[in-house]
Amino acid sequence: EVQLQASGGGLVQAGGSLRLSCAASGFTFDDYAIGWFRQAPGKEREGVSCIKNSDGSTYYADAVKGRFTISSGNDKNTVYLQMNSLRPEDTAVYYCAAIRAYYSGTYYLLKTPVMYDYWGQGTLVTVSS
C-alpha cells in the first residue's frame, strides 16, 4: 500500500522557519519524484517544490526560490522541505505527492498536479504577521 505522510506544519511568526517532512512507503523511491504543493483558502493548489530521487534534481516555484530547500533523507524514504523567511502569504495546507520520475521540467512537476499518482494528507502552515 502506497502511503505519503506529511508532517511538521504549525504556527510561526513571519520571518521564522519550519521544516516539513514527507514519509513515503509502498513504492520504489527512485522511480518517483516527490513534490510539495500548497493550497490556501479560496485558491487553487500550487506547486512549491519537487525533487527527483533518482538524480537529486530539484525544482522550485518562483515564489519560494531562495527561501525553501527540498532534500531527501539518508533513509531514501523521506523528503524534507526546509522553509525559511516565512511570509504570511505562505500560509496554506501543504501536501506531498509522488509522480513518476520520467516526467521532467517545471511544467509537469510543479504546474500539473493532476499528473501526480499519489497524495498524502495535508499539514497546515500558518504564518502570522
Side-chain angles (χ1 to χ4, degrees):
E1 180 187 6
V2 173
Q3 286 191 331
L4 293 166
Q5 183 79 24
S7 61
L11 173 63
V12 64
Q13 288 189 330
S17 298
L18 281 174
R19 189 177 80 157
L20 305 184
S21 299
C22 177
S25 62
F27 59 89
T28 303
F29 209 55
D30 283 354
D31 289 346
Y32 286 82
I34 303 295
W36 284 97
F37 290 78
R38 65 186 182 187
Q39 188 164 19
K43 294 189 176 181
E44 291 187 357
R45 189 168 297 191
E46 64 172 346
V48 174
S49 184
C50 183
I51 186 167
K52 296 186 75 173
N53 301 302
S54 55
D55 61 11
S57 55
T58 58
Y59 304 82
Y60 295 95
D62 289 343
V64 306
K65 278 181 184 175
R67 300 188 298 123
F68 291 10
T69 303
I70 193 169
S71 62
S72 293
N74 291 333
D75 63 358
K76 300 280 279 182
N77 289 314
T78 307
V79 169
Y80 301 100
L81 185 68
Q82 178 67 42
M83 306 186 298
N84 298 329
S85 302
L86 282 162
R87 305 167 180 169
E89 54 264 38
D90 294 318
T91 295
V93 177
Y94 284 69
Y95 301 87
C96 62
I99 184 173
R100 286 285 187 174
Y102 48 69
Y103 289 104
S104 291
T106 302
Y107 175 77
Y108 285 110
L109 299 180
L110 294 183
K111 296 187 182 297
T112 52
V114 68
M115 301 301 292
Y116 278 72
D117 295 305
Y118 307 110
W119 289 83
Q121 93 297 349
T123 185
L124 177 62
V125 172
T126 303
V127 184
S128 63
S129 57

Chemist: Assigning hydrophobic clusters by single linkage (Ile, Leu, Val, Met, Phe, Trp, Tyr; side-chain heavy-atom cutoff under 4.5 Å), is I99 placed with W36?
Modeler: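 No, because I99 and W36 fall into different hydrophobic clusters, even though each may have its own neighbours under 4.5 Å.
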Chemist: For A98 versus F27, what's the shortest heavy-atom pair and its separation?
Modeler: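 Residues A98 and F27, closest heavy atoms: CB-CZ, 4.1 Å.
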Chemist: Would a distance-only check, ignoring hydrogens and angles, find a side-chain to backbone donor-acceptor pair under 3.5 Å from T91 to V127?
Modeler: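 Side chain of T91 to backbone of V127: a pair is present.
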Chemist: Please collect all disulfide (SG to SG under 2.5 Å) contacts where either partner lies in residues 98-129, sequence neighbours excluded, each pair once.
Modeler: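 Residue pairs passing disulfide (SG to SG under 2.5 Å), neighbours aside: none found.
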Chemist: Write down the atom of S72, the atom of I51, and the distance for their closest heavy-atom approach.
Modeler: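 That would be OG-CD1, 3.5 Å.
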Chemist: Identify the two heavy atoms, one from S21 and one from T78, that lie closest to each other, and give their separation to 0.1 Å.
Modeler: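 Closest approach of S21 to T78: CB-CG2, 4.4 Å.
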Chemist: Side chains of residues 106-119: which donor-acceptor pairs under 3.5 Å do they make with residues two or more places apart or in other chains?
Modeler:
unit_1	atom_1	unit_2	atom_2	d
T112	OG1	Y107	O	3.2
T112	OG1	Y108	O	2.8
Y116	OH	L109	O	2.6

Chemist: Could you give all pairs that pass the disulfide (SG to SG under 2.5 Å) test and reach residues 96-129, with sequence neighbours left out?
Modeler: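 Checked against disulfide (SG to SG under 2.5 Å) - neighbours excluded - the pairs reaching residues 96-129 are C22-C96.
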Chemist: Does R87 have any salt bridge (charged side-chain N to carboxylate O under 4.0 Å, His left out) partners at least two apart in sequence or in another chain, and if so, which?
Modeler: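 Once residues adjacent in sequence are excluded, R87 has no partner under the salt bridge (charged side-chain N to carboxylate O under 4.0 Å, His left out) criterion.
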Chemist: Evaluate F37 against E46 for side-chain contact (heavy atoms from CB on, under 4.5 Å), listing each step before the verdict.
Modeler: CA-CA 5 Å; F37 290 78; E46 64 172 346; 5.9 Å; no
Chemist: Please tell me whether V93 and V48 are part of a single hydrophobic cluster in this structure, the criterion being side-chain heavy atoms less than 4.5 Å apart.
Modeler: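 Per the 4.5 Å side-chain linkage, V93 and V48 are not co-clustered.
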Chemist: When you group the ILVMFWY residues by side-chain heavy-atom contacts below 4.5 Å and let the links chain together, are Y32 and I70 in the same group?
Modeler: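 Both belong to a single hydrophobic cluster.
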Chemist: Any chance you could measure R45, atom CZ, to R38, atom CZ, to the nearest 0.5 Å?
Modeler: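 The CZ atom of R38 is 13.0 Å from CZ of R45, to the nearest 0.5 Å.
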Chemist: Let me confirm one number: the CZ-CD1 distance from F29 to I34, rounded to the nearest 0.5 Å.
Modeler: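 Here the rounded value is 5.0 Å.
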Chemist: Checking S104 now: which residues fulfil side chain to side chain donor-acceptor pair (under 3.5 Å) with it, not counting sequence neighbours?
Modeler: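 Applying side chain to side chain donor-acceptor pair (under 3.5 Å) to S104 gives K52.
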Chemist: Mind listing the closest non-hydrogen atom pair of K65 and Y60 along with its distance?
Modeler: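 Answer, listing the atom of K65 first, then Y60: CE-O, 3.4 Å.
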Chemist: Could you go through M83 and V125, starting from their C-alpha distance and side-chain angles, then the distance that decides it, and tell me whether this counts as side-chain contact (heavy atoms from CB on, under 4.5 Å)?
Modeler: CA-CA 10 Å; M83 306 186 298; V125 172; 3.8 Å; yes
Chemist: Give the table of side-chain donor-acceptor pairs shorter than 3.5 Å for residues 3-20, with sequence neighbours excluded, one pair per line with atom names and distance.
Modeler:
unit_1	atom_1	unit_2	atom_2	d
S17	OG	N84	OD1	2.9

Chemist: Might you work through the side-chain contact (heavy atoms from CB on, under 4.5 Å) test for N53 and V79, ending with a clear yes or no?
Modeler: CA-CA 9 Å; N53 301 302; V79 169; 4.1 Å; yes
Chemist: Is the shortest heavy-atom distance from the side chain of Q82 to the side chain of F68 under 4.5 Å?
Modeler: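 Of all side-chain heavy-atom pairs linking F68 with Q82, none is under 4.5 Å.
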